[in-house]
Amino acid sequence: MEFLEFLFIIVLILWVIRMVARIVLPMLFQKIVNKAQQQQQNYQQNYTSNAKPGSVKIDHIPQQPKGKIPDSEGDFIDYEEIK
């Protein structure tokens, strides 16, 4: 008899979790989707409204490393021939 009560309680708990998940998960996913859409709209507004048609915008110019040896010089290693 205790085993049947245990099974009944487990089935009841799983059924309640399933019902709550049907209600809560769609709201959670919708909130995540709305947030992503809002971020995308903000990105588009910030970066497309300031640009003139046909213009090119450069966000980052990498710095040239100082003191680099040109590739034409290469590395040279002295060696002695052993006989």
Side-chain angles (χ1 to χ4, degrees):
M1 193 66 170
E2 291 178 14
F3 182 71
L4 289 176
E5 288 178 12
F6 175 75
L7 284 178
F8 179 73
I9 291 172
I10 294 297
V11 169
L12 185 65
I13 290 173
L14 291 175
W15 183 77
V16 169
I17 290 173
R18 184 175 157 204
M19 287 299 166
V20 170
R22 281 187 176 184
I23 296 169
V24 173
L25 288 179
M27 288 190 292
L28 180 67
F29 290 139
Q30 187 64 36
K31 188 175 183 180
I32 292 170
V33 168
N34 287 341
K35 187 175 180 180
Q37 286 177 345
Q38 183 66 31
Q39 288 177 348
Q40 182 66 25
Q41 287 175 353
N42 289 341
Y43 176 79
Q44 286 179 348
Q45 288 175 355
N46 290 339
Y47 289 101
T48 57
S49 63
N50 296 337
K52 295 178 185 177
S55 65
V56 176
K57 181 179 178 184
I58 300 174
D59 291 335
H60 176 71
I61 299 174
Q63 295 180 353
Q64 296 294 331
K66 296 179 182 177
K68 183 178 177 185
I69 299 173
D71 290 336
S72 61
E73 292 184 20
D75 292 335
F76 183 76
I77 300 174
D78 290 328
Y79 69 95
E80 295 181 17
E81 187 174 330
I82 301 176
K83 291 185 180 186

*Looking at P26 and A21, what are the two nearest heavy atoms and their distance?*
CD-O, 3.6 Å
*Side-chain contact test, heavy atoms from C-beta onward, threshold under 4.5 Å: evaluate it for Q44 versus Q40 and give yes or no.*
yes
*Are F6 and V11 connected in a single hydrophobic cluster, I mean Ile/Leu/Val/Met/Phe/Trp/Tyr linked by side-chain heavy atoms less than 4.5 Å apart?*
no
*Any side-chain donor near an acceptor of the partner, Q38 and N34, under 3.5 Å*: no
*Show the numbers, then the answer: is there a side chain to side chain contact (heavy atoms under 4.5 Å, CB included) between K31 and M27?*
CA-CA 6 Å; K31 188 175 183 180; M27 288 190 292; over 6 Å; no
*Nearest-0.5 Å distance that lies between atom CG in L12 and atom CD1 in I17*: 10.0 Å
*Cluster question for you: counting only ILVMFWY and a side-chain heavy-atom cut-off of under 4.5 Å, with indirect links fine, are V24 and M19 together?*
yes
